[in-house]
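These numbers come from the heavy atoms of this one structure, side chains and all, not from hydrogens, waters or symmetry mates.
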Amino acid sequence: MDTVLGVLLVVTAVGTTAYWLDFFLRGAVHVVEEEWYLRFERSFPVADGWMAVCSAIAAVGLFTDSSYGTVFGLVAAGALVFLGLMDLTFNVQNKLFRLLPGSAPMWAEVAIITWCLNLGGVLLGYLAGRV
């Protein structure tokens, strides 16, 4: 299970990096082009970067059976759940789910929220027993 979670954490770190590169360079992931939406999204790179770095460190620790894999895995799990809930709440409050089914960027948001909440929950459940 450590290897599977390590791979998922690497995918998380790489996927997060790819998302932000697209956000700032191409904009294909923008759900809408309104200034209020772009300002909100621009507040996340530092937090997402923290989560991605913790995910990468946790992955290395899980691959090598090092104790820091558990520590950083739990930190990454908390960040994933927090970020997933923030995105979910923002999208509900701003009625962005109404853009489904025709918006590919909104489907990407659904996938991100689902990924964050599920992976974060699994990591918490699995790694909490180690401490």
Side-chain angles (χ1 to χ4, degrees):
M1 184 70 156
D2 283 17
T3 301
V4 170
L5 290 174
V7 168
L8 294 175
L9 287 164
V10 168
V11 169
T12 300
V14 171
T16 301
T17 302
Y19 176 90
W20 287 110
L21 286 172
D22 182 279
F23 185 89
F24 286 109
L25 298 177
R26 288 183 346 137
V29 296
H30 295 181
V31 171
V32 294
E33 295 299 328
E34 305 294 329
E35 188 59 32
W36 57 267
Y37 166 81
L38 296 172
R39 272 196 316 261
F40 175 77
E41 288 297 323
R42 286 185 192 119
S43 69
F44 278 85
V46 173
D48 278 5
W50 168 250
M51 178 273 300
V53 167
C54 290
S55 295
I57 294 169
V60 172
L62 292 173
F63 291 146
T64 60
D65 198 30
S66 299
S67 61
Y68 67 85
T70 299
V71 173
F72 279 92
L74 288 168
V75 174
L80 283 162
V81 171
F82 177 81
L83 291 166
L85 291 172
M86 286 296 296
D87 275 350
L88 177 65
T89 303
F90 177 79
N91 288 312
V92 168
Q93 287 181 340
N94 290 285
K95 299 177 177 59
L96 293 175
F97 288 113
R98 70 178 163 70
L99 301 174
L100 295 172
S103 169
M106 196 60 219
W107 278 111
E109 285 292 315
V110 170
I112 290 167
I113 292 165
T114 302
W115 182 273
C116 288
L117 295 178
N118 283 293
L119 180 57
V122 168
L123 284 166
L124 285 170
Y126 179 71
L127 296 174
R130 294 184 180 186
V131 292

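- Taking hydrophobic clusters as Ile, Leu, Val, Met, Phe, Trp and Tyr residues chained together by side-chain heavy-atom distances below 4.5 Å, V46 does not share a cluster with W50.
- Minimum heavy-atom separation, V32 to Y37: O-CD2, 3.1 Å.
- Residues V110 and F97 share a closest heavy-atom pair of CG2-CE2, 3.7 Å.
- Identified under the salt bridge (Lys or Arg N to Asp or Glu O under 4.0 Å) test for residues 71-80, with sequence neighbours left out: none.
- Taking the centre of each ring, F40 and W36 stay at or above the 6.0 Å mark.
- Put simply, the side chain of W107 gets close to the backbone of P101: a donor and an acceptor are under 3.5 Å apart.
- In plain terms, the two heavy atoms of A59 and V10 that are nearest each other are CB-CG2, 3.6 Å.
- Residues satisfying the salt bridge (charged side-chain N to carboxylate O under 4.0 Å, His left out) test with E35, not counting sequence neighbours, are R42.
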Residues 71-91 side chain polar contacts: donor-acceptor under 3.5 Å, at least two apart:
| from | atom 1 | to | atom 2 | distance (Å) |
| --- | --- | --- | --- | --- |
| T89 | OG1 | L85 | O | 2.8 |
| N91 | ND2 | D87 | O | 2.9 |

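- L96 has its side chain out of reach of E109: every pair of non-hydrogen atoms, C-beta onward, lies at least 4.5 Å apart.
- Other cluster members for L25: L21, joined by side-chain heavy-atom distances under 4.5 Å among Ile, Leu, Val, Met, Phe, Trp and Tyr.
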Between V31 and E41, is a side chain to side chain contact (heavy atoms under 4.5 Å, CB included) present by the stated rule, with each step listed?
CA-CA 10 Å; V31 171; E41 288 297 323; over 6 Å; no

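- Note that CD1 of I112 and OH of Y19 are 5.5 Å apart. Values are rounded to the nearest 0.5 Å.
- At least one side-chain heavy atom of F24 sits less than 4.5 Å from a side-chain heavy atom of P45.
- Scored by the salt bridge (charged side-chain N to carboxylate O under 4.0 Å, His left out) test, R98 finds no partners at all (sequence neighbours excluded).
- Both I113 and L100 belong to a single network of hydrophobic side chains, linked directly or stepwise wherever heavy atoms of I, L, V, M, F, W or Y lie under 4.5 Å apart.
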For residues 117-130, which side-chain N or O atoms pair as donor and acceptor with protein atoms under 3.5 Å away, sequence neighbours left out?
| from | atom 1 | to | atom 2 | distance (Å) |
| --- | --- | --- | --- | --- |
| N118 | ND2 | T114 | O | 2.8 |
| Y126 | OH | D2 | OD1 | 2.6 |
| Y126 | OH | R130 | NH2 | 3.0 |
| R130 | NH1 | T70 | OG1 | 3.2 |
| R130 | NH2 | D2 | OD1 | 2.4 |
| R130 | NH2 | D2 | OD2 | 2.9 |

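- Contact of the W20 side chain with the V29 side chain is not registered, since no non-hydrogen atoms from C-beta on lie closer than 4.5 Å.
- Across all their heavy atoms, Y68 and I57 have their closest contact at CE1-O, 3.5 Å.
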